Amino acid sequence: MAFLMVVIYVAFIGLGVPDSLIGSAWPALHAELDIPVEAVSILTLLISGCTVLSSMFSAGILNKVGTAKVTVFSTAMTAAALFGFSVAPSFGFMIPLAVILGLGAGAIDSGLNNYVALHCKASHMNFLHCFYGVGVSLSPYLMSQALSDIGWRGGYRYAFYVQAAITLLLLVSLPLWKKTASSEQAEEEKSVNLSFVQMAKKPEVRQVWIIMLATNAIEYACGVWGSTYLVTEKGFETKYGALALTIYYVGMSVGRFVSGLLSDKISTWKRIGIGTAILAPAVIIMLLPLPGTVAVVGLFFIGLGNGSIYPNMIHLTPHNFGKEVSQSIMGSQIAFAYIGVMLAPPMVSLISGLFGIGVYPVLLAVLYVIMVIALKCFTNRLKKQNRYNKDV
C-alpha cells in the first residue's frame with residue numbers, strides 16, 4: 001500500500017502540472033501567435049468548464065472501469081493535450097486541446113480523491129493536496145527555463161515529458177491497485193450513481209456544494225488578485241507583489257502539511273474548525289487600512305487557514321454521505337469547487353471595475369461569511385441525521 005500511495009501522490013503532481021502552465025506561457029505565446037491578450041480567458045474557462053463537467057459525470061465511468069484505469073487514461077489525455085499545445089499552429093487548434101485537458105483533469109481529481117477518502121487516513125488526503133502544489137509550482141519553473149532558451153513551445157514539451165513519465169508509471173503500477181489492497185479495497189465498491197437532480201434535492205448536498213464553492217473562490221481570488229491588490233492599493237513594486245503571492249501559497253501548503261501531521265491527534269472536524277478560525281482574523285486584517293506588509297501577513301494566514309478546509313471536507317465525504325454514494329457526491333463537490341475557481345477571478349474583476357480594487361477584501365469577507373453559514377447549516381443537518389461524528 002505504501003508504494004501505491006507514492007504512485008497516487010505522483011499522479012496528483014501530474015494533476016497540478018497543467019494548471020499553472022498557461023499563465024506562465026501566455027505573454028510569449030500570445031505575442032508569437034498574434035492573439036489578443038484577453039483570449040487567455042477563453043482557454044481557462046474551457047479548461048475549468050470541462051473539468052466541472054468531467055467531475056460531475058465521472059461517477060458512472062469510475063464505478064464501471066475503476067479508478068486505476070481511468071487515472072491512467074485521463075493522465076494520458078492531459079499529456080496528449082500538452083504535446084498538442086507545444087505544436088499548435090494557431091489559437092483555434094488550442095480550443096479542442098483545452099477541452100481534452102479539462103476532461104482529463106476532472107476525472108483524475110474526482111477519482112483519486114474518492115479513492116483516498118475511502119481507503120486512506122486523513123493525513124494522506126492532506127499530503128495528497130500538498131503534492132498537487134508541487135505540480136503547480138513545477139510547471140512555471142519548467143516554462144521559465146524554456147523561455148530563456150527554446151521558447152514557450154519547449155516549456156509545454158518539458159511538461160509533456162513529465163506527464164508522459166507519470167502516465168507510464170501509472171500504467172506499470174496498475175497491478176498494485178489490487179495487489180496491495182485488502183479484500184474490501186480490491187473489490188469494486190457497490191456504488192449508487194446519483195443524478196445531479198437527485199443530489200440537488202438533498203439540502204445537505206447543496207450546503208456542501210456552497211462550502212466547496214466558497215473555499216475555492218477564496219483560494220483563487222487570492223491567488224489571481226492578491227498581487228494586483230498589493231501593487232495597486234498598497235504601493236508594492238511588481239516583483240514584491242509576486243513574492244507576496246509566493247508567501248500566500250507557502251501558507252496554503254503549510255496549512256495542508258500541518259493538517260496532515262496533526263490528523264492522528266486532532267479530528268478532521270476540529271481541523272476544519274481550526275482552519276475556519278484562522279481564516280477569520282486573516283480576512284479582518286485584509287479589511288483594515290493597515291500597511292502592505294501586514295496585508296501580506298493576512299494573505300499568508302488566509303492560505304494557512306483556508307488551505308486545509310478543502311482536503312478535509314473531501315476526506316469526510318464517505319463519512320458524511322455513505323460509501324455507496326460517495327463517488328457521485330465527490331464528483332459534484334469537485335465540480336462546484338471548480339465553479340468557484342471559474343467565478344472568483346471574473347467576479348473580482350467585475351466588482352473592482354465598478355467600485356475599485358479597494359473593495360477586494362470585502363468580497364473575501366462575503367465569501368468567508370457564506371462559507372461559515374453553509375458549514376454551520378451542514379453540520380446541523382448531519383447531526384439531525386446522526387451522521388455527524390466529531391471524532392472522525
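No experiment lies behind these values; they were computed from the predicted model shown.
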> Salt bridge between Arg387 and Glu204, side-chain N to carboxylate O under 4.0 Å?
Replying inline: no
> Is the gap between the ring centers of Tyr156 and Phe83 under 6.0 Å?
Replying inline: no
>> When you measure from the side chain of His30 to the backbone of Ile35, do you find a donor-acceptor pair of N or O atoms at a distance under 3.5 Å?
In response: yes
>> Has Asn113 got a side-chain atom pairing as donor or acceptor with Asp109's backbone, closer than 3.5 angstrom?
In response: yes
>> Using modelled atom types and a 3.5 Å cut-off, is there a donor and acceptor pairing between side-chain atoms of Ser173 and backbone atoms of Leu170?
In response: yes
> Rounded to the nearest 0.5 Å, how far apart are CZ of Phe127 and CE of Met5?
Replying inline: 10.0 Å
> Just by modelled atom types, is the Met125 backbone N or O under 3.5 Å from a matching donor or acceptor in the Arg256 side chain?
Replying inline: no
>> Between Ser48 (side chain only) and Thr44 (backbone N and O only), is there a donor and an acceptor less than 3.5 Å apart?
In response: yes
> Taking the side chain from Tyr248 and the backbone from Val296, do they hold a donor-acceptor pair closer than 3.5 Å?
Replying inline: no
> More than 12 heavy atoms of other residues, nucleotides or ligands under 6.0 Å from OH of Tyr360: is that the case?
Replying inline: yes
> If you draw a 6.0 Å radius around CD1 in Ile61, do more than 12 non-hydrogen atoms from other residues or ligands fall strictly inside?
Replying inline: no
> Judged by atom type as modelled, is there a donor-acceptor pair below 3.5 Å linking the side chain of Ser148 to the main-chain atoms of Gln145?
Replying inline: yes
>> Parallel, tilted or perpendicular, judged at 30° and 60°: which one describes the rings of Phe196 and Phe336?
In response: parallel
> Is there a donor-acceptor contact under 3.5 Å from the side chain of Tyr9 to the main chain of Cys130?
Replying inline: no
> Taking only residues two or more places apart in sequence or in another chain, which ones pass ring-ring contact (aromatic ring centres under 6.0 Å, His included) with Phe73?
Replying inline: none
> Mind checking what makes salt bridge (charged side-chain N to carboxylate O under 4.0 Å, His left out) contact with Arg381, not counting sequence neighbours?
Replying inline: none
> Does one side chain, of Asn312 or Thr268, offer a donor that lies under 3.5 Å from an acceptor on the other?
Replying inline: no
>> Any side-chain to backbone donor/acceptor pair from Thr167 onto Gln163? Under 3.5 Å, distance only.
In response: yes
>> With a sphere of 6.0 Å drawn around NZ of Lys234, does it hold more than 12 non-hydrogen atoms of other residues, nucleotides or ligands?
In response: yes
>> Between Thr51 and Ile47 (side chain of the first, backbone of the second, donor and acceptor by atom type, cut-off under 3.5 Å), is there such a pair?
In response: yes
> Judged by modelled atom types alone, do Glu219 and Asn306 share a side-chain donor-acceptor pair under 3.5 Å?
Replying inline: no
